[in-house]
Amino acid sequence: MGMASVSCSSPSFCAAVDNGSNAFTFNGASWSPATAIDPGHELSTVSCPSASFCAAVDYGPNVVTFNGASWSKPSAIDPGSYLQAVSCASASFCVAIDRKGNAFTFNGSTWSAPVNADPNGLSMGEGGVSWPVVSCPTSNFCAAVDGGGGNVVTFDGNSWTSPVDIDSAAANSVSGPVLIFLMSVACLSATFCVAGDSTGDAFVRS
């Protein structure tokens, strides 16, 4: 069983999920034994803004949260679709993205109804791959990428922008011999993000 995702809020706290149903936590010295938090499902990504809060999503409808001591039961926020990634700026703000390009926001107690952030959806290639396609450094800014579309969309705390093509190689690869995916984004703030594609190219927002 391989690892799918890890998120650290400090040198003394991390959480990781494997590509099964298990989560692990790190206390600065050692890792906990595996805890099955989403039986029967395959976890995708985890995001931990602090040692007292994490959110994890699976390749299905479920999100699971951590309160510093234990994990919640899985909650189906996206019935009939497949979540891809989650990013949390705090215990009162997260965004999860599914493969249809829908975004779900968390306000500390409930998840919103889906809002379509990217009409193109996510083109992720074959199989379940844990791609960190959304990054939210604050509740007023997120960025998300859409894989084979080569696009990025951003969130200002209220609404999502239209898709902007930043990776023409990915956008044009659908008709070519080799598919290229804009597969990851990480933002430190609203004024600095880096996105990367499957050829090793990086794109910087600054």
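Because the structure is predicted, anything quoted here is derived from the model rather than measured.
- In this structure, the side chain of Ser10 engages the main chain of Ser12 through a donor-acceptor pair within 3.5 Å.
- With sequence neighbours excluded, the residues satisfying side chain to side chain contact (heavy atoms under 4.5 Å, CB included) with Pro114 are Asn102, Phe104.
- Residues forming a side chain to side chain contact (heavy atoms under 4.5 Å, CB included) with Ser159 (at least two apart in sequence, or on another chain): Asp156.
- Here the side chains of Phe181 and Asp167 are not in contact, with every heavy-atom distance at 4.5 Å or above.
- Annotation: side chain to side chain donor-acceptor pair (under 3.5 Å) contacts of Asp78 (sequence neighbours excluded): none.
- The shortest side-chain heavy-atom distance between Val153 and Pro163 falls under the 4.5 Å cut-off.
- For the residue pair Thr199 / Asp197, a side-chain donor-acceptor distance below 3.5 Å is found, with atom types taken as modelled.
- Closest heavy-atom contact between Ala171 and Gly149: CB-O, 3.4 Å.
- Contact of the Ile180 side chain with the Asp201 side chain is not registered, since no non-hydrogen atoms from C-beta on lie closer than 4.5 Å.
- Sorted by first and then second residue, the pairs that involve residues 34-58 and meet ring-ring contact (aromatic ring centres under 6.0 Å, His included), not counting sequence neighbours, are Phe53-Phe106.
- Remark: the backbone N or O of Thr65 is paired with a side-chain donor or acceptor of Ser72 at under 3.5 angstrom.
- The disulfide (SG to SG under 2.5 Å) pairs that include a residue from residues 43-77 are Cys48-Cys54, where partners are two or more places apart or lie in different chains.
- In this structure Ser70 satisfies the side chain to side chain contact (heavy atoms under 4.5 Å, CB included) test together with Asn67, sequence neighbours excluded.
- Between the side chain of Ser44 and the backbone N or O of Tyr59, no donor-acceptor pair lies under 3.5 Å.
- For the cysteine pair Cys88 and Cys94, the distance separating the two SG atoms is below 2.5 Å.
- Annotation: ring-ring contact (aromatic ring centres under 6.0 Å, His included) contacts involving residues 67-101, sequence neighbours excluded, comprise Phe66-Trp71.
- Sorted by first and then second residue, the pairs that involve residues 176-206 and meet disulfide (SG to SG under 2.5 Å), not counting sequence neighbours, are Cys187-Cys193.
- Remark: side-chain polar atoms of Asn19 are paired, donor with acceptor, to backbone N or O of Gly2 under 3.5 angstrom.
- For Ser184 against Val145, the heavy-atom pair with the smallest separation is N-CG2, 3.9 Å.
- Applying the ring-ring contact (aromatic ring centres under 6.0 Å, His included) definition to pairs two or more places apart or across chains, those involving residues 134-155 are Phe155-Trp160.
- Applying the disulfide (SG to SG under 2.5 Å) test to every pair with at least one member in residues 16-45, sequence neighbours left out, gives no pairs at all.
- Proximity of Met3 to Asp18: side-chain heavy atoms (C-beta onward) are separated by under 4.5 Å at one or more points.
- Across Ser7 and Val46, no two heavy atoms sit closer than the pair CB-O, 3.5 Å.
- Formation of a donor-acceptor pair under 3.5 Å by the Thr45 side chain with backbone atoms of Val86 is found in this model.
- Listed by chain and residue number, Ser112 satisfy the side chain to side chain donor-acceptor pair (under 3.5 Å) test with Thr105 (two or more places apart in sequence, or in another chain).
- Remark: side-chain polar atoms of Asn151 are not paired, donor with acceptor, to backbone N or O of Asp146 under 3.5 angstrom.
- Although no hydrogens or angles enter the test, the distance criterion places a donor-acceptor pair under 3.5 Å between the side chain of Thr161 and the main chain of Thr154.
- Remark: side-chain polar atoms of Asp38 are not paired, donor with acceptor, to backbone N or O of Gly40 under 3.5 angstrom.
- Here Ser206 pairs with Phe192, Val204 under the side chain to side chain contact (heavy atoms under 4.5 Å, CB included) rule; sequence neighbours left out.
- Residues Cys14 and Trp31 are in side-chain contact: their nearest non-hydrogen atoms beyond the backbone lie under 4.5 Å apart.
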